[in-house]
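Each remark here refers to the structure printed beneath this line.
What you see is a predicted model, and the numbers here were worked out from it, not measured in a lab. In what follows, chains carry the letters A, B, and so on, assigned in the order in which the sequence lines appear, proteins first and then strands, with residues in each chain numbered from 1.
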Amino acid sequence: MTAPRNDRRIIIHFDYDCFYASVFENENPALKSLPLAVQQKNIIVTCNYEARRRGLSKLQLVSEAKRILPDVVIVLGEELGRFRNASKALYKFIENFTWSGKVERLGFDEVWLDVTDLVDYNQALLNFNDLSHSFFQLRKNDPTEGFPYDATSVAGHTFPHNPQQDSISRSSSAIPTFDPGSGNDLMVRLILGSHLAQYIRRSLEEQKGYTSTVGISTNKTLSKLVGNVNKPKGQTTLLPPYIITQEGPLPDLENPVESNVTLFLDSHDIGKVPGIGFKMSQRIRNHVLSRPAEHDEGLIYGGTKESVTVRDVRNFPGMGPELLEKLLGVPGAERGLGSKAWNLINGRDDTEVQQAKKVPSQISIEDSYIRLDNMPQVLKELRILTTSLVKRMHVDLLEDDDEPDSEGIKRWLAHPKTLRLSTRPRPPQNADGARSRSFNRISRSGPMPNFVFNLKENIDATVEKLVQVALIPMFRRLHPERGGWNLSLMNIGVTNMVEAASEDGKGSGRDISRMFKKQEEVLKEWKVEDKDVPPDPILKSMAEEDKKRFDAKRAEPSAGNEAPFDTLIGSEDMMIPTQNTVDESGMWEDDEEDEENRDMCHRCGAVMPAFAMAAHERFHTLEE
DNA sequence: CTGATTGAG
DNA sequence: GATTCTCAATCAG
């Protein structure tokens, strides 16, 4: 029915302490001794521990934070580039320690590392006659690189808590807590994992300037959760036994040995288990409490929060994968959620630590707004967002070409095939008291025009074209009404990455059968310096004359100060003849006599003259 | 494939 | 359940 435990891996989970604040502290060490908070829009997204000690917390209103702690140093953290760069550097640093390449990032500030192979190797190296003077080898076949350690005791904290050990954990003497020769394999492996974790953690602090909180266990869920026991700057190992064992031939009902996994998980609120989020925990809570769980009122005013713990759920009559499946299996939900949740509740998690990926599967940029309700503003914001997005694509999807004699040449690691525009309309407030529902995002997507991959073109020109030929039409599909909308958010993203063949021939996503599909074939070895641009759905859809204008512009020799695209074709109210255009008054321009000659593609929504549709259709046919 | 939902930090 | 600005997985159609 339910799979048995598998505790053969050793997984380390890293969580950098108050990451955003640490990035600023590393940029400017003088900040380290001050209470520091990082602001995005109107909220404090995180703050350092000095600020927390003095009463601040995450996700507080800026006004509230200033009231509580007028001295607080507040820095703006809306620009995420610095965090992304720091996160990548730390991730690369940690990646150096793996042999398997299993290093997975979660957000900017968490990393899982599967060190099973290093632990296996070093376990075999143990000399049982002198365990307290062991040496941890970081590289196979190199006995010199590594560190000495005491294999008779766990490094750092443990769960369950061991007061004796913890009280002197800051001193250098280690307390022998376990004899690895006695046959408890899991214990030995966790000890090795804890020492490796400590070594990496210290390296991270000494060489990179970042402190971290670490958990060591046998899967992702447990390692992540157990790390939280000692933070910041701590590490915690979840000790065996992980399964309930009974001594002797008969179960000793008087003295059952409890699994530390259950002991550890049971006190957690059900919603604290990674993978069981707000919706799932609400549904489980409702069932266990036999009534809708109180939320806002109970939480804020009464302080009578009804907490439903993992233990409450696990011990609830009839609880198991089947009941959970019924509770969680609403239409549209992931199937098999019941077993998944049941496994998580029991600390079973067989999901692998993902291999390091060369390219993200999507990149998106967004901003939120107090009021965004007219086209000129939308246009302005679209340009800003698109500029960031194109720059992000250059940073994240471009790599230096390693071919000889190709100095400074960049090549695309992957081409996103899809461009997406999402908005979040402000909830329509009904005067008649009915609750305004659906705070959700809506989106439209379409083919990514290939001109964005042309690096010879000015970024501003690329951005302007993208806005005009792709984003404005998408915006129109999202909001066909001329007005009346008010957006609280806009997001632009690229998805559907097609990875280019890697140069060393052993690239990650290399799959011959998939690579020879038409689209991939065309994109495969395409490099920036190539003259030919892959077939472009947008440009192809344009009338011939317009295409010539674009081509003429592209072929123009750059004479020092090249005028940007929009100044050549017309600035603010420029016309892209194949698209309906927008003027600064924010009205859709409807050219009456032109209207009947236009057509919209039923597949991608592109608007074009009727005579261009045939060629456009052919493009789509080729795509399939 | 698209568009929505859920979960994560 | 929402605030910020993301990213991944997964579903129905």
Side-chain angles (χ1 to χ4, degrees), chain A residues 13-16 18-20 38-46 58-64 76-81 83-84 87 104-112 220-221 224 228 271-283 293-300 328-337 340-341 344 351 354 357 359-370 385 388-389 392 396 417-424 427 435 437-447 474 477-478 488-497 519 603-605 620 623-624:
Chain A
H13 177 262
F14 295 83
D15 187 337
Y16 315 129
C18 46
F19 181 60
Y20 281 15
V38 181
Q39 174 179 194
Q40 280 174 352
K41 291 286 149 59
N42 231 6
I43 63 178
I44 299 298
V45 288
T46 195
K58 288 178 168 181
L59 302 182
Q60 239 171 354
L61 287 173
V62 171
S63 55
E64 198 184 341
L76 270 183
E78 282 168 25
E79 202 279 301
L80 304 181
F83 307 131
R84 190 149 37 229
S87 175
E104 182 179 348
R105 205 152 53 121
L106 181 58
F108 285 163
D109 69 337
E110 293 183 32
V111 173
W112 278 288
K220 294 207 297 180
T221 301
K224 178 176 161 74
N228 292 331
K272 290 284 163 44
V273 179
I276 301 181
F278 181 79
K279 295 279 186 180
M280 281 170 69
S281 59
Q282 266 307 68
R283 285 180 187 129
E294 293 177 29
H295 203 65
D296 289 19
E297 280 72 27
L299 225 162
I300 294 168
L328 306 174
V330 295
E334 191 182 333
R335 65 184 178 79
L337 264 190
K340 197 178 268 185
L344 290 175
T351 60
Q354 297 289 113
K357 261 183 275 182
V359 297
S361 63
Q362 67 124 315
I363 300 172
S364 69
I365 301 286
E366 70 186 37
D367 203 350
S368 53
Y369 311 96
I370 308 292
L385 292 172
S388 306
L389 183 66
R392 271 290 303 284
D396 288 356
K417 281 194 297 187
T418 308
L419 178 67
R420 175 176 27 85
L421 172 67
S422 317
T423 63
R424 186 180 60 196
R435 46 202 125 122
R437 53 157 202 69
S438 163
F439 229 92
N440 290 333
R441 292 143 98 110
I442 52 179
S443 69
R444 293 293 179 271
S445 51
M474 276 182 206
R477 285 203 279 146
L478 270 174
S488 62
L489 178 142
M490 281 208 297
N491 175 108
I492 312 177
V494 294
T495 57
N496 256 320
M497 300 292 179
Q519 177 79 359
R603 305 209 217 193
C604 70
H620 278 303
E623 286 279 85
E624 297 159 2

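Of all nucleotides listed (B:dG3, C:dA8, B:dA8), B:dG3 comes nearest to the side chain of A:Arg477. Across C:dT4, B:dG3, C:dT6, the shortest atom-to-atom separation from the side chain of A:Val45 is found for C:dT4. In this structure, of B:dG7, C:dT3, B:dA8, it is C:dT3 that holds the atom nearest to the side chain of A:Ile43. In this structure, the nucleotide among C:dC5, C:dC7, C:dT3 sitting nearest to the side chain of A:Lys41 is C:dC5. For A:Gln362, counting side-chain heavy atoms from C-beta on, the closest listed nucleotide (C:dT6, B:dT6, C:dC7) is C:dC7. Taking every side-chain heavy atom of A:Ser361 into account, C:dA8 is the closest of B:dA8, B:dG7, C:dA8. The side chain of A:Leu106 sits closest to B:dG9 out of C:dA8, B:dG9, C:dC5. For A:Lys279, taking side-chain heavy atoms from C-beta onward, the closest of the listed nucleotides B:dG7, B:dG3, C:dT3 is B:dG7. Which of C:dT3, B:dT6, C:dC5 sits closest to the side chain of A:Ser368 comes down to C:dC5. When each of B:dT6, B:dA4, C:dC5 is scored by its nearest atom to the side-chain atoms of A:Arg444, the top-ranked nucleotide is B:dA4.
Both A:Val359 and A:Glu78 lie near DNA chain C, and the one whose nearest nucleotide falls closer to the 5' end is A:Glu78.
Close to B:dT2, at under 4.0 Å from its OP1 or OP2, lies a side-chain N or O of A:Thr418. Contact annotation: A:Arg424 side-chain N/O to C:dT3 OP1/OP2 distance is under 4.0 Å. Applying the 4.0 Å criterion to OP1 and OP2 of C:dC5, one finds that A:Arg392 has every side-chain N and O outside that range. Put simply, A:Asn440 has a side-chain N or O that comes within less than 4.0 Å of OP1 or OP2 on B:dT5. Checking the phosphate oxygens (OP1, OP2) of B:dG9, a side-chain nitrogen or oxygen of A:Lys224 falls inside 4.0 Å. For B:dT2, one of the phosphate oxygens OP1 or OP2 lies less than 4.0 angstrom from a side-chain nitrogen or oxygen of A:Asn496. Remark: A:Ser364 is not in phosphate contact with C:dT6, judged by side-chain N or O atoms under 4.0 Å from OP1 or OP2.
Between A:Ile442 atom CD1 and B:dT2 atom C1' the separation is 14 Å, expressed in whole Å. Atom CD in A:Gln354 sits roughly 11 Å away from atom P in C:dA8 (whole-Å rounding). Here the P atom of nucleotide B:dG3 and the CG atom of A:Asn491 are 14 Å apart, to the nearest Å. One interatomic measurement links the two molecules: CD of A:Gln40 to C1' of B:dG9, which rounds to 11 Å at whole-angstrom precision. In this entry the distance linking CG of A:Leu489 with P of B:dA4 reads 14 Å, nearest Å. Taking atom CD1 of residue A:Ile276 and atom C1' of nucleotide B:dG9, one finds them 18 Å apart after rounding to whole Å. One atom, CG of A:Leu421, and another, C1' of B:dA4, lie 15 Å apart when rounded to the nearest Å. If you take CZ of A:Arg441 and P of B:dG3, they are 15 Å apart, rounded to a whole angstrom.
Within 4.0 Å (heavy atoms only), A:Asp367 reaches sugar-phosphate atoms of the nucleic acid but no base atom. Among the protein residues, A:Leu61 comes within range of no part of the nucleic acid, since none of its heavy atoms lies under 4.0 Å from any strand. A:Gly275 comes within 4.0 angstrom of sugar-phosphate atoms only, judged by non-hydrogen atoms across all strands, and of no base. The residue A:Val273 sits close only to the backbone: its heavy atoms come under 4.0 Å of sugar-phosphate atoms, none of a base. At a threshold of 4.0 angstrom between heavy atoms, the contacts of A:Glu110 are confined to the sugar-phosphate backbone, with no base atom among them. Residue contacts for A:Leu80: at a heavy-atom cut-off of 4.0 Å it reaches the sugar-phosphate backbone alone, with no base atom in range.
The pair A:Arg441-A:Glu366 meets the salt-bridge criterion, since a charged nitrogen lies less than 4.0 angstrom from a carboxylate oxygen.
In this structure A:Phe83 satisfies the ring-ring contact (aromatic ring centres under 6.0 Å, His included) test together with A:Tyr20, A:Phe24, sequence neighbours excluded. Residues meeting the side chain to side chain donor-acceptor pair (under 3.5 Å) test with A:Gln60, sequence neighbours left out: none.
For NZ of A:Lys279, the number of neighbouring non-hydrogen atoms (other residues, nucleotides, ligands) closer than 6.0 Å is 12 at most. Within a 6.0 Å radius of CG in A:Leu76, other residues, nucleotides and ligands contribute more than 12 heavy atoms.
Atom C1' of B:dG3 sits at a distance of 23 Å from the matching atom of C:dT4, rounded to the whole Å. Using atom P as the reference point in both C:dG1 and B:dT6, the two lie 12 Å apart (nearest Å).
No side-chain heavy atom of A:Asp396 sits less than 4.5 Å from a side-chain heavy atom of A:Val359. You'll find the side chain of A:Phe19 stays beyond 4.5 Å of the side chain of A:Thr46, heavy atoms only. The shortest distance between side-chain heavy atoms of A:Lys220 and A:His13 does not fall below 4.5 Å.
Under 3.5 Å, the side chains of A:Ser87 and A:Arg105 contain a donor-acceptor pair of N or O atoms.
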Close N/O contacts between protein and nucleotides 10-13 of chain C (under 3.5 Å):
none

Exercise for the section: Please step through side chain to side chain contact (heavy atoms under 4.5 Å, CB included) for the pair A:Asp15 and A:Asp109, ending with a clear verdict. Expected result: CA-CA 6 Å; A:Asp15 187 337; A:Asp109 69 337; 3.5 Å; yes

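The base-pairing partner of C:dA2, taking Watson-Crick or G-U wobble contacts with both distances under 3.5 Å, does not exist among the strands shown.
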